[in-house]
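Written below as C-alpha coordinates is the structure these notes are about.
All values below come from the heavy atoms of this structure, side chains included, with hydrogens, waters and symmetry mates left out. Order of appearance sets the numbers: ligands from 1, and atoms from 1 within every ligand. This chain uses plain numbering: 1 for the first residue, then up along the sequence. A quick note: this is a predicted structure, and the numbers were derived from the prediction, not measured.
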Amino acid sequence: MKIIHHIQELKAEMSAARAAGKSIGLVPTMGALHEGHASLVRRSVAENDVTVVSIFLNPTQFNDPRDLERYPRTLDADCALLEACKAQIAFAPSVAEVYPEPDTRHFSYPPTDSVMEGAMRPGHFNGVCQIVSKLFSFVEPDRAYFGEKDFQQIAVIRRMVADLGFQLQIVPCPVVREDSGLALSSRNSLLSPEERAIAPQIYAALKASCAFARSHSVQLTREYVEARVNAVPGLRVEYYSIVDAATLADVNDWSDAPEVVGCITVYCGSKPIRLIDHIHY
Ligand code: PAF
(Lines give C-alpha, C1' and ligand atoms only; values in the text may rest on other atoms or scores of the structure.)
Protein backbone atom coordinates (compact mmCIF):
# COMPACT_ATOMS: atom_id res chain seq x y z
CA MET A 1 0.00 0.00 0.00
CA LYS A 2 1.24 3.48 -0.89
CA ILE A 3 0.94 6.24 1.70
CA ILE A 4 0.57 9.59 -0.06
CA HIS A 5 0.71 12.96 1.71
CA HIS A 6 0.52 15.37 -1.24
CA ILE A 7 -2.39 16.22 -3.52
CA GLN A 8 -0.31 16.45 -6.72
CA GLU A 9 1.10 12.95 -6.17
CA LEU A 10 -2.39 11.60 -5.49
CA LYS A 11 -3.76 13.23 -8.66
CA ALA A 12 -0.91 11.78 -10.73
CA GLU A 13 -1.65 8.28 -9.37
CA MET A 14 -5.35 8.72 -10.11
CA SER A 15 -4.71 9.92 -13.69
CA ALA A 16 -2.45 6.92 -14.32
CA ALA A 17 -5.08 4.54 -12.92
CA ARG A 18 -7.82 6.07 -15.06
CA ALA A 19 -5.59 6.01 -18.17
CA ALA A 20 -5.07 2.28 -17.55
CA GLY A 21 -8.87 1.84 -17.49
CA LYS A 22 -9.01 1.10 -13.77
CA SER A 23 -12.04 1.88 -11.63
CA ILE A 24 -11.48 3.89 -8.45
CA GLY A 25 -13.21 3.59 -5.07
CA LEU A 26 -12.82 6.26 -2.37
CA VAL A 27 -13.39 5.68 1.35
CA PRO A 28 -13.20 9.04 3.18
CA THR A 29 -12.29 8.72 6.87
CA MET A 30 -10.97 10.79 9.74
CA GLY A 31 -8.75 7.92 10.96
CA ALA A 32 -9.13 6.05 14.26
CA LEU A 33 -10.25 3.21 12.04
CA HIS A 34 -12.31 0.28 13.34
CA GLU A 35 -14.15 -2.72 11.93
CA GLY A 36 -16.91 -0.42 10.58
CA HIS A 37 -14.36 1.36 8.37
CA ALA A 38 -12.78 -1.99 7.46
CA SER A 39 -16.15 -3.16 6.09
CA LEU A 40 -16.29 -0.09 3.78
CA VAL A 41 -12.70 -0.64 2.61
CA ARG A 42 -13.25 -4.35 1.93
CA ARG A 43 -16.36 -3.54 -0.08
CA SER A 44 -14.51 -0.91 -2.12
CA VAL A 45 -11.61 -3.33 -2.72
CA ALA A 46 -14.10 -5.96 -3.95
CA GLU A 47 -15.87 -3.49 -6.29
CA ASN A 48 -12.98 -1.39 -7.68
CA ASP A 49 -9.52 -1.87 -9.19
CA VAL A 50 -8.01 0.82 -6.96
CA THR A 51 -9.17 1.81 -3.47
CA VAL A 52 -8.06 5.12 -1.96
CA VAL A 53 -8.70 5.64 1.75
CA SER A 54 -8.32 9.21 2.96
CA ILE A 55 -7.24 9.70 6.57
CA PHE A 56 -7.81 13.34 7.43
CA LEU A 57 -9.11 14.79 10.68
CA ASN A 58 -10.99 17.63 9.07
CA PRO A 59 -10.95 20.69 11.36
CA THR A 60 -13.69 22.58 9.51
CA GLN A 61 -16.41 20.10 10.52
CA PHE A 62 -15.75 20.41 14.28
CA ASN A 63 -17.82 23.15 15.86
CA ASP A 64 -16.45 22.23 19.31
CA PRO A 65 -12.63 22.61 19.58
CA ARG A 66 -12.54 20.19 22.57
CA ASP A 67 -14.15 17.51 20.41
CA LEU A 68 -11.41 17.96 17.77
CA GLU A 69 -8.67 17.98 20.42
CA ARG A 70 -9.70 14.70 22.00
CA TYR A 71 -10.56 12.90 18.74
CA PRO A 72 -8.35 9.74 18.67
CA ARG A 73 -5.32 9.84 16.35
CA THR A 74 -3.93 6.39 15.41
CA LEU A 75 -2.20 6.72 12.01
CA ASP A 76 0.15 3.71 12.32
CA ALA A 77 -2.62 1.36 13.42
CA ASP A 78 -4.88 2.81 10.68
CA CYS A 79 -2.29 2.05 7.98
CA ALA A 80 -1.83 -1.51 9.32
CA LEU A 81 -5.59 -2.09 9.11
CA LEU A 82 -5.72 -0.70 5.56
CA GLU A 83 -2.84 -2.97 4.50
CA ALA A 84 -4.73 -5.95 5.91
CA CYS A 85 -7.85 -4.89 3.96
CA LYS A 86 -5.72 -4.66 0.77
CA ALA A 87 -6.37 -0.98 0.06
CA GLN A 88 -3.94 0.31 -2.57
CA ILE A 89 -3.55 3.93 -1.37
CA ALA A 90 -3.82 5.74 1.98
CA PHE A 91 -4.05 9.49 1.48
CA ALA A 92 -2.99 11.28 4.67
CA PRO A 93 -2.46 14.98 3.93
CA SER A 94 -1.70 17.78 6.39
CA VAL A 95 -4.22 20.53 7.17
CA ALA A 96 -2.01 23.03 5.27
CA GLU A 97 -2.01 20.75 2.22
CA VAL A 98 -5.82 20.52 2.13
CA TYR A 99 -6.54 24.10 3.21
CA PRO A 100 -3.68 26.31 1.92
CA GLU A 101 -6.24 29.12 2.29
CA PRO A 102 -9.30 29.15 4.54
CA ASP A 103 -12.21 27.48 2.73
CA THR A 104 -14.87 30.18 2.38
CA ARG A 105 -17.33 28.08 0.37
CA HIS A 106 -20.80 27.82 1.82
CA PHE A 107 -23.03 24.80 1.26
CA SER A 108 -26.70 24.76 2.19
CA TYR A 109 -29.07 21.83 1.60
CA PRO A 110 -32.06 22.26 3.91
CA PRO A 111 -33.70 20.46 5.51
CA THR A 112 -31.06 17.70 5.28
CA ASP A 113 -28.30 19.87 6.77
CA SER A 114 -30.37 22.17 8.99
CA VAL A 115 -32.16 19.62 11.23
CA MET A 116 -30.82 17.28 13.94
CA GLU A 117 -26.96 17.32 13.76
CA GLY A 118 -27.20 20.42 11.58
CA ALA A 119 -29.13 22.28 14.28
CA MET A 120 -27.01 20.99 17.17
CA ARG A 121 -23.62 21.41 15.49
CA PRO A 122 -23.77 24.63 13.44
CA GLY A 123 -21.35 24.55 10.52
CA HIS A 124 -20.72 20.81 10.85
CA PHE A 125 -22.20 19.79 7.51
CA ASN A 126 -20.69 22.80 5.78
CA GLY A 127 -17.29 21.46 6.88
CA VAL A 128 -18.22 17.93 5.75
CA CYS A 129 -19.22 19.26 2.30
CA GLN A 130 -15.99 21.30 2.09
CA ILE A 131 -13.74 18.30 2.68
CA VAL A 132 -15.79 15.71 0.80
CA SER A 133 -16.07 17.95 -2.29
CA LYS A 134 -12.28 18.49 -2.20
CA LEU A 135 -11.66 14.74 -1.90
CA PHE A 136 -14.03 14.05 -4.79
CA SER A 137 -12.10 16.59 -6.91
CA PHE A 138 -8.67 15.17 -5.98
CA VAL A 139 -9.61 11.51 -6.54
CA GLU A 140 -12.50 11.66 -9.07
CA PRO A 141 -13.68 8.24 -7.88
CA ASP A 142 -16.24 6.06 -9.62
CA ARG A 143 -17.71 5.13 -6.22
CA ALA A 144 -17.50 6.66 -2.75
CA TYR A 145 -18.30 4.59 0.36
CA PHE A 146 -19.95 5.99 3.49
CA GLY A 147 -21.18 4.25 6.64
CA GLU A 148 -24.93 4.43 7.26
CA LYS A 149 -24.14 5.07 10.92
CA ASP A 150 -23.87 8.73 9.87
CA PHE A 151 -27.29 8.51 8.28
CA GLN A 152 -27.81 12.27 7.98
CA GLN A 153 -24.34 12.81 6.49
CA ILE A 154 -25.19 10.54 3.56
CA ALA A 155 -28.40 12.50 2.86
CA VAL A 156 -26.43 15.79 2.84
CA ILE A 157 -23.68 14.38 0.62
CA ARG A 158 -26.24 13.04 -1.86
CA ARG A 159 -27.67 16.56 -2.18
CA MET A 160 -24.18 18.01 -2.67
CA VAL A 161 -23.33 15.43 -5.35
CA ALA A 162 -26.55 16.30 -7.23
CA ASP A 163 -25.93 20.04 -6.79
CA LEU A 164 -22.32 20.03 -8.00
CA GLY A 165 -22.83 17.34 -10.65
CA PHE A 166 -20.15 14.91 -9.45
CA GLN A 167 -20.16 11.83 -11.71
CA LEU A 168 -19.89 9.14 -9.07
CA GLN A 169 -21.98 6.65 -7.16
CA ILE A 170 -22.53 7.05 -3.41
CA VAL A 171 -22.46 3.60 -1.80
CA PRO A 172 -24.07 3.52 1.66
CA CYS A 173 -22.81 0.63 3.82
CA PRO A 174 -24.65 -0.97 6.77
CA VAL A 175 -23.88 -0.05 10.39
CA VAL A 176 -21.48 -2.50 12.05
CA ARG A 177 -22.38 -3.27 15.68
CA GLU A 178 -20.72 -4.94 18.64
CA ASP A 179 -22.49 -8.07 19.91
CA SER A 180 -23.97 -5.77 22.57
CA GLY A 181 -25.72 -3.76 19.82
CA LEU A 182 -23.51 -0.68 20.26
CA ALA A 183 -22.77 0.85 16.85
CA LEU A 184 -19.02 0.94 16.16
CA SER A 185 -17.64 4.47 16.29
CA SER A 186 -14.19 6.02 16.65
CA ARG A 187 -15.58 7.83 19.69
CA ASN A 188 -16.26 4.51 21.49
CA SER A 189 -12.55 4.34 22.35
CA LEU A 190 -13.09 7.42 24.54
CA LEU A 191 -15.68 5.61 26.70
CA SER A 192 -14.70 4.29 30.14
CA PRO A 193 -15.58 0.62 30.90
CA GLU A 194 -18.64 1.86 32.87
CA GLU A 195 -19.80 4.04 29.98
CA ARG A 196 -19.23 1.21 27.50
CA ALA A 197 -21.47 -0.98 29.68
CA ILE A 198 -24.43 1.43 29.48
CA ALA A 199 -24.02 2.66 25.88
CA PRO A 200 -25.71 -0.46 24.35
CA GLN A 201 -28.94 0.65 26.07
CA ILE A 202 -29.31 3.22 23.28
CA TYR A 203 -29.78 0.64 20.54
CA ALA A 204 -31.80 -1.59 22.89
CA ALA A 205 -34.30 1.27 23.30
CA LEU A 206 -34.42 1.89 19.55
CA LYS A 207 -35.04 -1.79 18.81
CA ALA A 208 -37.75 -2.05 21.48
CA SER A 209 -39.45 1.04 20.01
CA CYS A 210 -40.08 -0.80 16.72
CA ALA A 211 -42.57 -3.12 18.44
CA PHE A 212 -44.01 -0.20 20.46
CA ALA A 213 -44.49 1.85 17.26
CA ARG A 214 -46.80 -0.78 15.75
CA SER A 215 -49.57 0.23 18.14
CA HIS A 216 -48.60 3.82 19.06
CA SER A 217 -48.33 7.21 17.43
CA VAL A 218 -45.11 8.90 16.29
CA GLN A 219 -45.32 11.30 19.23
CA LEU A 220 -45.72 8.50 21.83
CA THR A 221 -42.91 6.49 20.23
CA ARG A 222 -40.60 9.49 20.45
CA GLU A 223 -41.49 9.92 24.13
CA TYR A 224 -41.03 6.19 24.76
CA VAL A 225 -37.45 6.21 23.41
CA GLU A 226 -36.49 9.40 25.24
CA ALA A 227 -37.88 8.14 28.55
CA ARG A 228 -36.28 4.72 28.22
CA VAL A 229 -32.81 6.08 27.43
CA ASN A 230 -33.01 8.88 30.01
CA ALA A 231 -33.95 6.27 32.65
CA VAL A 232 -30.42 4.82 32.37
CA PRO A 233 -28.11 6.68 34.80
CA GLY A 234 -25.25 8.18 32.75
CA LEU A 235 -27.24 8.56 29.51
CA ARG A 236 -28.99 11.76 28.45
CA VAL A 237 -30.88 12.18 25.16
CA GLU A 238 -30.02 15.35 23.26
CA TYR A 239 -32.71 14.74 20.63
CA TYR A 240 -34.73 11.92 19.19
CA SER A 241 -36.23 12.80 15.81
CA ILE A 242 -38.51 10.61 13.74
CA VAL A 243 -38.12 11.70 10.13
CA ASP A 244 -38.69 10.96 6.46
CA ALA A 245 -35.64 8.85 5.51
CA ALA A 246 -35.12 10.74 2.23
CA THR A 247 -35.72 14.40 3.16
CA LEU A 248 -35.08 14.16 6.94
CA ALA A 249 -38.18 16.31 7.52
CA ASP A 250 -40.08 15.45 10.73
CA VAL A 251 -43.07 13.13 10.33
CA ASN A 252 -46.20 13.46 12.47
CA ASP A 253 -47.83 10.26 11.27
CA TRP A 254 -46.33 6.91 10.24
CA SER A 255 -47.97 7.31 6.81
CA ASP A 256 -46.28 10.69 6.17
CA ALA A 257 -43.33 9.08 4.34
CA PRO A 258 -42.62 5.81 2.48
CA GLU A 259 -39.62 5.17 4.75
CA VAL A 260 -39.40 6.49 8.31
CA VAL A 261 -36.27 6.55 10.43
CA GLY A 262 -35.60 7.52 14.05
CA CYS A 263 -32.31 9.37 14.69
CA ILE A 264 -30.93 9.76 18.19
CA THR A 265 -28.06 11.61 19.83
CA VAL A 266 -27.16 10.75 23.41
CA TYR A 267 -24.61 12.13 25.85
CA CYS A 268 -22.87 9.26 27.63
CA GLY A 269 -20.97 9.62 30.91
CA SER A 270 -19.53 12.68 32.61
CA LYS A 271 -17.03 13.90 29.95
CA PRO A 272 -19.58 13.45 28.18
CA ILE A 273 -19.15 11.50 24.91
CA ARG A 274 -21.74 12.21 22.23
CA LEU A 275 -23.07 9.04 20.56
CA ILE A 276 -25.41 8.84 17.58
CA ASP A 277 -27.51 5.98 16.25
CA HIS A 278 -30.69 5.40 14.23
CA ILE A 279 -33.34 2.82 13.44
CA HIS A 280 -35.67 2.17 10.50
CA TYR A 281 -39.39 1.78 11.37
O1 PAF B 1 -17.73 10.39 8.39
C2 PAF B 1 -16.59 10.87 8.57
O3 PAF B 1 -15.70 10.23 9.11
C4 PAF B 1 -16.31 12.28 8.08
O5 PAF B 1 -17.39 13.12 8.28
C6 PAF B 1 -15.83 12.34 6.63
C7 PAF B 1 -16.90 11.87 5.66
C8 PAF B 1 -14.59 11.47 6.47
C9 PAF B 1 -15.45 13.77 6.25
O10 PAF B 1 -14.42 14.25 7.06
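- Of all the heavy atoms of Asp150, the ones lying under 4.0 Å from any atom of ligand 1 belong exclusively to the side chain.
- Between Ser133 and Phe166 there is a side-chain heavy-atom pair separated by less than 4.5 Å.
- If you check each of Ala32, Gly36, Pro28 against atom 8 (C) of ligand 1, the one with the closest non-hydrogen atom is Pro28.
- Side-chain atoms of Arg43 and Leu40, non-hydrogen and from C-beta on, never get closer than 4.5 Å to each other.
- Where the criterion is an N or O separation shorter than 3.5 Å, residue side chain and backbone included, Thr29 fails it with respect to ligand 1.
- For ligand 1, the polar-atom distance check against Asn58 finds no nitrogen or oxygen pair separated by under 3.5 Å.
- Between the side chain of Ser241 and the backbone N or O of Met116 there is no donor-acceptor pair closer than 3.5 Å.
- Between Asp64 and Arg274 there is no salt bridge, since no side-chain N of the basic residue sits under 4.0 Å from a carboxylate O of the acidic one.
- Near Ile131, meaning under 4.0 Å from one of its heavy atoms, ligand 1 places the atoms 9 (C), 10 (O).
- If you check which protein heavy atom lies closest to atom 9 (C) of ligand 1, you get Gln61 OE1, 3.3 Å.
- Atom 2 (C) of ligand 1 has Gln153 NE2, 3.9 Å as its closest protein atom, hydrogens excluded (heavy atom only).
- Ranking the protein heavy atoms by distance from atom 3 (O) of ligand 1 puts Met30 CG, 3.7 Å first.
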Q.
Between Lys207 and Asp277, does the salt bridge (Lys or Arg N to Asp or Glu O under 4.0 Å) criterion hold? Intermediate values first, please.
A. CA-CA 11 Å; Lys207 264 201 324 198; Asp277 207 340; over 6 Å; no

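- Of the options Val27, Thr29, Leu82, Val53, a side chain to side chain contact (heavy atoms under 4.5 Å, CB included) to His37 is made by Thr29 and by none of the others.
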